[in-house]
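What follows is a short report on a single structure.
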Amino acid sequence: MINKEVDTIETALNDIRDGAVIMVGGFGQAGSPVELIHGLIDQGAKHLTVVNNNAGSGHVGLAALIEAGQVDKLICSFPRMAGSDAFGNLYRDGDIELELVPQGTLAERIRAGGAGVSAFYTPTAAGTLLAEGKETRIFSGRECVLELGLKADIALIKAQYADRYGNLTYYKTARNFNPVMATAASTTIVQVSKIVPLGSIDPECVVTPGIYVDRVINVSTPVHEALLVEQGCVYP
Amino acid sequence: MINKEVDTIETALNDIRDGAVIMVGGFGQAGSPVELIHGLIDQGAKHLTVVNNNAGSGHVGLAALIEAGQVDKLICSFPRMAGSDAFGNLYRDGDIELELVPQGTLAERIRAGGAGVSAFYTPTAAGTLLAEGKETRIFSGRECVLELGLKADIALIKAQYADRYGNLTYYKTARNFNPVMATAASTTIVQVSKIVPLGSIDPECVVTPGIYVDRVINVSTPVHEALLVEQGCVYP
Amino acid sequence: MAQRAANDIPDGSIVNLGIGIPELIASVIPEGREVLYHSENGLLGMGPAPTPEQRDHDLVNAGKKMVTAVEGASFFHHADSFSMIRGGHIDICVLGAMQVSECGDLANWSTGDPDALPAVGGAMDLVGGAKQIYVLTQHCSKKGKSKILQRCSYPLTGKGVVNRIYTDLAVFNVEPDGLHVEEIAPGVSMGLLQERTGCSLIYNERRGITI
Amino acid sequence: MAQRAANDIPDGSIVNLGIGIPELIASVIPEGREVLYHSENGLLGMGPAPTPEQRDHDLVNAGKKMVTAVEGASFFHHADSFSMIRGGHIDICVLGAMQVSECGDLANWSTGDPDALPAVGGAMDLVGGAKQIYVLTQHCSKKGKSKILQRCSYPLTGKGVVNRIYTDLAVFNVEPDGLHVEEIAPGVSMGLLQERTGCSLIYNERRGITI
C-alpha cells in the first residue's frame, strides 16, 4: 500500500543531514513552505546548500534559516529582498557563499536535474559576467552557455492538495518553483493544505504526479510568510 | 481582440509551403489530428519533413500523407506499425529518408526546440548505433550524447477544448506529443472537439497556454484514426 | 513615456513588463487593444492590481506585488514559464535600464560595485528570449549622466539585445548603423538631445514628430 | 516466468512494463502489494485491459493497446513522461530481449539486418533511465540459440544496463564479476543451464533454490 502521509513535520525532516543540498520552493513569499523551513530550523542541520530564487525576507522562513547560521551556500537569482538583511549581512562578512544564476537558467537547471539531462546550452547570460569561466558554443549563429543540471538531496515544497499517492495540485502563482524542485531531489517533502481521498484529483489536472513525492504533511492552516513579515514575526 | 478560431481547415492550412518541417501530434492513433492531416493531403504541399513518433497506419492520416508522396523525410522513433506498409515500402525503395531517434530523445529535442534550449546532453543511446557520429561527453562518470533542439515550421495537433486565446486541454493519453509540439513550431494549428467561452477552462488546468497556439479549428465530431483503420478506409 | 511605449504595442501582443516604470504601461494601452501580460513567476493573463477584496498573497507578479488574473489566464511552473521566454514566445518585453549602448547592449542588473549584493532575477533570460526588447527609462541618471552611451560601463545584462528605447527626451530605434532618433519630445531640440546623449545619434528629418 | 519476476517487485514500486511478455506481470503481482504502472506515452497509474464498455481508443499503452487508468492516475505529455524515465524516477523496468550479455548489455531493438525497417521506440531511454532493469525472456531463441551471451552480436539498446534476467530456465543477477545464477527452474540441472548459455555462469550452491 502506498501512503506518503507523514504525521509530523519532525518525523518528515528527521533524516536531513549536515551538508545536505536543499531545494526550497517558493518565489519570494508566494508558495514558500514556511512550516517546513521552521521545522528545519528546529531540526538543526547545518552547513546546508540552499537552492531558492531569493534569500527570504523578514526574520521568518528562509531568512530565519539563514540567520540561524545553518546555510553555508545559497544558489539563487535574486538575493536582495526589501526588508531583509539576513543574507546580505552574512554575505558581506564572507560568511555565506553565493552562486548567482539567472532565474530562467536556475529553473531550467533544476528541471534538467529532475529530467536526467546532464547539461544544456542556453543563450541566457552569454557575453555577461555570469557566463565568465563557463564553456560557450555557437548554435545557429548564437552564443550559448553550457549549464549543468542541478539536483538536491531534499526538496521542501508547498502545494495545495495531495492524495496518498503524492499527486499534487498548486494554488495560483504559489506554484512557481515548487513542481520543478519536486522532480530534482532524492527526497521530496511536501506540505499541503489538505490531503484528499485518492481519485479526488482529476488525472488531467495533476501538476506533480506522485512519482516525485516522498513525504506529505498536512498543514491545514498554513501561515503565509507575507503576513508573518508584515507582523514583524521572528522565528524561532 | 484575440481570437484564434479559423473557420475552415482549408484556410488554416493554406500557407503551408513545399519543403516545410511539420510536427504531427499523436502517438500511434491516439491524439492524431486526422482531419488536419487529411486537410494537408488536400492542400498538397510536397517535400515535407514530418516529425511524429510513428509512421501512421492503414491508408488514412499520416500513412495516407506518406502514400501521397508528400513526405521526403520522417523523423521518428518507431516507424514499424502493424497493418501499414506505406512508410516501409518507400523506405526500402530509397524514396523516403528516415532519422531514427529514441522516443524520449525525440520528445526532449522537441521540448528543447520550444524552450529555446539549443542543445542538451542525454545518457540515452550512449554506446549504441544511434549515437554514432554524435558528440559524446562524460558527466558524473556517465557517457552522454549531445542532441540538438528540434523546431518546425508547422505543428498540426489535436486537443480536446480550446478558448479564443488558444488555451488547450487534452483527453487522456491523446495528450502525448501534442503539447510539446505546440511549443516548437512557428505556426501551431490545432483541431479541437469544442471551442469553449473564455474563462471556461480552469487556469490551473490549462495544459497548453494560448501563447503557443496560432490557429484553432473546431472539429466537433472528429473521426478516430483507429476506427478508420479498422474499417479499412482509404484517404482520399 | 509609458504612454508612448504603450502606443507601440499592437493588439493581440503577449507582453512582459519589467518591474518599476514599465509596469505603468498596462494601464495606458490604447482602447480596443487586447494585450496579454506574462509574469515570469508563472502567470499568463496578469490583470490589474487587486481590490481590497481580491488581495491574495499567492497571486503576485515578478516584483512580488499582488496582482489579479484575467479571464482566460493560465498558471504554470517556473521552468515552463521561462521556456516561454527563452523559446521566443513573448512578443515584447519592456525593461528599465541603468545604461543602454548604441549597439543595443543593456546594463540593468549591477553597477559592478564589489560591495553591492549582486542580484539578477530574470532579466538576462528576458533580454535573450523575447522577440522585441523595449527599454523604458529616464534619459539621464539622477546625477545627470546620460544612460544612452556608446558603450556600457556597467556589467551587461545582454549584448545587442535592445530594439527600441523610450526616454523622457526621445524615442530611439537600435539599427545596425547605430541609434536612430524616431521621435523627440515637445520642446526638446536635436542639439539638446545630442548634448544629453553619450553617443552619436542618427537623425532623419522625416521622422521628427514630437511625442 | 512472469510470476517469478512479479514476486521480486516490492510493494509501492513504480514499474514500467515493456511490450509483450513483460505486460503479463501486472496480472500476477502477489496479493497485498500496490504497484503503480507507468506507460511512457503519458500515464502513471495504468490499469488492466478495458471491459467492452470501457474501451477508449484514446486511452492506450506504449504498445498502442487499450488500457484503463486506476484511481489516483495522472496524465502528462511525452516530454514529462520521459523526464520521469531519464531522471531515474521509475523503480523497475521489465523488458524483453533478443540478446543479453554477461556484463548486462542489452540488445532488443534490431538484428542489424540492413533490410529490416529500424525502429527503436522508448527502449533506449528506458534502459538508460530506470533504476533497475529486469529482462524477461525465453532463454533461447526459436532457433534454439542462447540469448544469454558473452557479448551481444546485435546492435545494443544499452551498455551494462541490465540488473536481473528471468528466463524459462533460471534467474540471473548481473554483477561486476559476471552472471550469477540466482535460481534454477525445477528439473533443470546446472550442466544443462550452462550448456544452453553462451557465457560462463557463476553458481553459488547456497542460492540453488528451484523456481
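Letters A, B, ... are given to chains in the order of the sequence lines, protein chains preceding strands, and every chain is numbered from 1. Here the structure is a predicted model, which is why all the values come from computation and not from measurement.
- Nearest heavy atoms, B/Val117 versus C/Arg86: CG2-NH1, 3.8 Å.
- Residues C/His89 and B/Thr183 come closest through the heavy atom pair CE1-O, 3.0 Å.
- Other residues, nucleotides and ligands contribute at most 12 non-hydrogen atoms within 6.0 Å of the CG atom of B/Asp7.
- Taking all atoms of both residues into account, the shortest heavy-atom contact from C/Leu44 to B/Pro209 is CD2-CB, 4.1 Å.
- For C/Glu71 (side chain) and B/Gly199 (main-chain N/O), no donor-acceptor pair under 3.5 Å exists by modelled atom type.
- Closest of all the heavy-atom pairs between B/Tyr212 and C/Asp80 is OH-O, 4.0 Å.
- Counting non-hydrogen atoms of neighbouring residues, nucleotides and ligands closer than 6.0 angstrom, the CD atom of C/Gln3 exceeds 12 such neighbours.
- Around NZ of B/Lys194, the count of heavy atoms belonging to other residues, nucleotides or ligands within 6.0 Å does not exceed 12.
- Taking a 6.0 Å sphere around CZ of B/Phe139, one finds it holds more than 12 heavy atoms contributed by other residues, nucleotides or ligands.
- Expressed to the nearest 0.5 Å, how far CD1 of B/Ile211 lies from CD1 of C/Ile85 amounts to 8.5 Å.
- In terms of heavy-atom pairs under 4.5 Å with chain B, the best-connected choice from C/Ala69, C/Gly128, C/Gly87 is C/Gly87.
- The 12-atom threshold is exceeded at NZ of C/Lys64, counting heavy atoms of other residues, nucleotides or ligands nearer than 6.0 Å.
- Among B/Val206, B/Leu198, B/Asp202, B/Asn167, the residue making the largest number of heavy-atom pairs under 4.5 Å with chain C is B/Leu198.
- Heavy atoms from other residues, nucleotides or ligands lying under 6.0 Å from CD of C/Gln54 number more than 12.
- For the pair C/Glu34 and B/Arg164, the tightest heavy-atom approach, listed with the atom from each and the gap, is OE1-NH1, 2.9 Å.
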